[in-house]
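Written below as structure tokens is the structure these notes are about.
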Amino acid sequence: MKSLGSIRRSFAPWTDPAARPYIAFENITKRFGDFVAVDDLSLRIYEREFFALLGASGCGKSTLLRMLAGFEEPTSGRILLDGQDLRGIPPYRRPVNMMFQSYALFPHMSVEQNIAFGLKQDGMPKAQIAERVAEMLKLVKLEQFARRKPHQLSGGQRQRVALARSVAKRPKVLLLDEPLGALDKKLREETQFELMDLQQNLGLTFVVVTHDQEEAMTMADRIAILDKGRVMQVATPAEIYEAPSSRFVAGFVGTVNLLEGSVMSRDGASLRIKGASGAEIRVENVPDDVSSGEVAFAIRPEKIKVSPRRPAEGTANVMEGEIFDLAYLGDMTVYHVRLADGQVVKASALNSARVSEDQLTWSDKAWISFAPDAGVVLTR
Amino acid sequence: MNTTWSRFNIVSIVLGFAFLYIPIVLLIVFSFNESRLVTVWAGFSTKWYGELFRNQGLIDAAWVTARVAFISATVATVLGTMAALALTRYTRFRGRVLFSGMVFAPLVMPEVITGLSLLLLFVAIGLDRGFLTVTLAHITFSMCFVAVVVQSRLISFDRSLEEAAMDLGATPVKTFFAITLPVILPAIVSGWMLAFTLSLDDLVIASFASGPGATTLPMKIYSQVRLGVTPEINAACTILIAIVAVGVLIASVVNKSREVQRQRDEQAAQRH
Ligand SMILES: Nc1ncnc2c1ncn2[C@@H]1O[C@H](COP(=O)(O)OP(=O)(O)OP(=O)(O)O)[C@@H](O)[C@H]1O
Ligand SMILES: [Mg+2]
């Protein structure tokens with residue numbers, strides 16, 4: 001587990017323009033009658049990547065997986081797997097296995113038989129099947145449950161059987177549709193690491209569907225944020241969090257403050273924005289394409305400093321307000337500060353000291369401030 | 001919950017059961033009657049059972065009935081299951097509503113009409129009435145019952161099981177035999193048993209569709225009773241009742257023990 005971080009850091013085939021994607025969705029559209037579930041979507045996923053699809057319910061995540069597994073055909077566009085067009089290839093001939101949202105364990109078969117099912121279809125010799133099944137049972141720590149039927153297992157155990165069954169064939173690509181949806185928090189966290197371990201050890205490509213952003217952030221190399229069948233952004237968890245490309249993505253992942261305004265002037269890579277409240281916001285490291293018009297400044301709560309006294313003269317981006325609400329969470333406190341124009345800004349502060357003399361409480365006057373590079377400018 | 005027996009409860013239970021079972025009990029009792037007169041008790045005897053086994057006509061009829069019931073139930077189960085699959089799986093084909101309505105109409109159709117129309121058909125195509133025509137007639141009407149039973153199971157069948165099987169490399173045919181069939185098997189078996197018993201005790205349709213040489217047991221009993229009830233018939237009916245009772249008993253014991261086993265397993269699972 002410890003080596004995970006270092007392996008991960010050096011893995012970034014998407015930055016290499018010469019790298020060939022392992023799975024490519026090219027302009028995929030899927031309609032159900034008049035309803036457009038997936039809308040002209042393109043995605044590239046690389047070998048050995050842990051890729052997460054994140055989006056609200058009904059945005060087309062499962063549909064995307066089902067098209068890759070072969071249960072639905074795209075209305076238009078094509079899907080390539082290792083350079084091969086998948087159109088017309090039935091599910092049972094695709095080197096892709098799926099772990100179902102509902103687990104879909106065969107109720108009349110024991111845990112063992114469930115896991116062996118796929119291997120039998122390949123005509124693997126009996127002895128080898130037994131060996132592989134034992135290995136899988138060990139992997140998911142269900143050795144003593146081999147003879148049980150699915151209805152004799154707890155929810156978490158069933159989920160692990162489903163996982164073992166889908167991994168048993170060592171598919172090139174494993175699709176997981178909300179694999180941890182039914183688990184409690186503790187088991188879910190444990191299993192997240194088990195999954196990451198598995199993916200590393202077997203060198204598989206994982207495509208995971210989830211609507212839990214924390215889960216996606218923990219596990220994935222890259223995340224695609226979907227909305228209404230369209231890709232909003234594809235990036236690493238850190239990029240998604242620190243450099244969202246649109247108001248939607250910024251709001252979807254984590255908590256964000258959006259300060260609307262219009263561009264006053266641009267000087268090199270720094271920008272001055274006139275906020276709705278009249279306050280001026282100075283931003284640095286702004287991308288080249290932003291120079292005028294209506295924009296939003298997006299900043300995360302933990303990057304805003306709250307203080308009961310006016311910061312020193314010359315500090316950039318200072319705004320005055322009043323503590324509207326606060327929530328003490330133990331490790332940190334979240335302040336809701338109401339600015340002059342009525343907008344409420346969330347700021348969080350780590351409680352690094354047990355007792356602080358700068359205690360702020362309801363209705364106190366407060367000043368917020370943030371560095372010019374603490375947030376991003378969004379035009380979309 | 002109030003578990004004490006009120007007088008009203010006792011009275012209604014006694015009345016209800018009496019209504020159901022007194023005729024049957026009478027029939028059984030009189031099958032052991034020494035006398036030839038059905039309504040006069042003249043002492044215990046099993047001689048009518050002996051008579052029964054020497055009555056070639058009744059034995060032939062029983063044999064015909066068993067064969068008709070077995071063959072028609074089996075064929076009706078295959079056809080009914082196929083109809084149920086078609087109706088639940090291909091939900092978007094044209095005229096589905098009409099088709100499903102047509103499959104289920106015979107359930108409510110008066111038997112006389114079904115029998116008569118089959119008779120007309122057999123006459124029209126020049127099929128001699130006999131064993132084949134009774135069997136065909138029974139297939140026709142019991143198939144609908146099988147379709148209903150199997151369809152209600154298929155509606156709650158989780159299609160993702162089939163997708164999972166195909167995802168793991170099983171062809172559609174293999175998926176059907178390895179996954180779908182075993183899962184819906186209990187419904188198919190009860191469909192078969194329903195078809196079997198329907199065929200076993202059918203009188204009306206058999207009377208229309210049958211011909212010389214293919215007299216079923218209900219037809220035989222009915223024709224003999226018209227000449228007067230004999231203790232022999234009582235004995236035959238008692239044996240039928242015994243067979244049915246044993247069948248029901250076995251089915252419920254098997255069910256019960258499976259249920260108990262299941263509960264034990266589930267408790268075991270929770271302890272882990
Ligand atoms: N077979 C179908 N017929 C008609 N509409 C469908 C069908 N399958 C999916 N849809 C529609 O397509 C949209 C996307 O469905 P999909 O199952 O991909 O959502 P999802 O992102 O997986 O949602 P969730 O997080 O709830 O699982 C939904 O609005 C759904 O109603
Ligand atoms: Mg889904």
Side-chain angles (χ1 to χ4, degrees), chain A residues 33 62 65-66 68-72 90-111 113-124 141-142 144-145 147-158 162 165-169 171 173-175 177, chain B residues 81 85 88-94 96 150 152-191 254-272:
Chain A
S62 295
L65 282 203
R66 292 171 58 77
L68 192 49
F71 303 129
E72 310 274 2
Y92 46 93
R93 294 224 190 84
R94 297 190 183 195
V96 169
N97 281 157
M98 178 150 158
M99 178 178 163
F100 286 74
Q101 198 162 1
S102 59
Y103 307 154
L105 297 179
F106 307 133
H108 57 299
M109 294 186 191
S110 67
V111 168
Q113 289 167 325
N114 262 284
I115 298 174
F117 186 84
L119 304 171
K120 269 195 204 142
Q121 307 311 314
D122 285 357
M124 194 187 253
K141 303 188 190 74
L142 286 176
Q144 73 269 43
F145 299 96
R147 297 256 144 71
R148 290 269 182 93
K149 292 273 177 68
H151 70 85
Q152 303 164 333
L153 299 174
S154 71
Q157 291 163 347
R158 277 180 220 173
R165 187 180 68 180
S166 55
V167 182
K169 288 183 80 169
V173 178
L174 188 62
L175 311 176
D177 198 347
Chain B
T81 303
L85 277 167
T88 39
R89 293 305 164 80
Y90 306 104
T91 49
R92 272 180 289 196
F93 73 86
R94 265 162 149 243
R96 194 189 86 91
V150 175
S152 66
R153 174 67 188 88
L154 278 174
I155 286 168
S156 64
F157 182 86
D158 180 7
R159 293 300 297 276
S160 65
L161 292 184
E162 289 173 348
E163 289 179 345
M166 283 198 256
D167 187 63
L168 291 165
T171 59
V173 174
K174 196 138 192 210
T175 300
F176 178 76
F177 286 106
I179 307 297
T180 317
L181 201 57
V183 173
I184 64 169
L185 195 63
I188 294 181
V189 169
S190 45
V254 166
N255 248 346
K256 180 80 192 168
S257 67
R258 227 192 253 154
E259 190 60 30
V260 169
Q261 178 66 32
R262 201 186 137 102
Q263 277 173 5
R264 213 181 292 141
D265 290 340
E266 266 162 19
Q267 279 163 8
Q270 260 150 33
R271 275 200 299 277
H272 281 276

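Side chains are part of it too, since the values below use all heavy atoms of this structure and drop only hydrogens, waters and symmetry mates. Keep in mind the model is a prediction, meaning the values are calculated, not measured. Naming convention: chains lettered A, B, ... in sequence-line order (proteins, then strands); numbering from 1 in each chain.
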(message) Using 0.5 Å steps for rounding, measure from the CD1 atom of A/I115 to the CG atom of B/L168.
(response) 11.0 Å
(request) Would you give the length of the straight line joining atom OH of A/Y103 to atom CG of B/L161, rounded to the nearest 0.5 angstrom? (result) 14.5 Å
(request) Against chain B, work out which of A/P171, A/P90, A/A168, A/P91 has the most heavy-atom pairs shorter than 4.5 Å and name it. (result) A/P91
(message) Is any side-chain heavy atom of A/H108 closer than 4.5 Å to one of B/I179?
(response) yes
(message) Quick check: closest heavy atoms across A/N97 and B/D167, and the distance to 0.1 Å?
(response) ND2-O, 2.9 Å
(request) Below 4.5 Å from any heavy atom of chain B, which atoms of A/R93 appear? Answer side chain, backbone, both or neither. (result) neither
(request) For A/R165 and B/A164, work out which heavy atoms get closest and say how close. (result) NH2-CB, 3.5 Å
(request) Could you look at A/M99 and say if it's the side chain, the backbone, both or neither that has a heavy atom under 4.5 Å from chain B? (result) neither
(message) With heavy-atom distances below 4.5 Å as the criterion, would you say the side chains of B/D158 and A/F100 are in contact?
(response) no
(request) Check B/A178 against A/F117 and note the closest heavy-atom contact, atom names and distance. (result) CB-CE1, 4.0 Å
(request) Find out whether B/P172 and A/Y92 are in side-chain contact, i.e. whether some heavy atom of one side chain is under 4.5 Å from a heavy atom of the other. (result) yes
(message) Is the shortest side-chain heavy-atom distance between B/E163 and A/R66 below 4.5 Å?
(response) yes
(request) Please look at A/L175 and chain B and tell me whether the side chain, the backbone, both or neither of the residue comes under 4.5 angstrom of a heavy atom of that chain. (result) neither
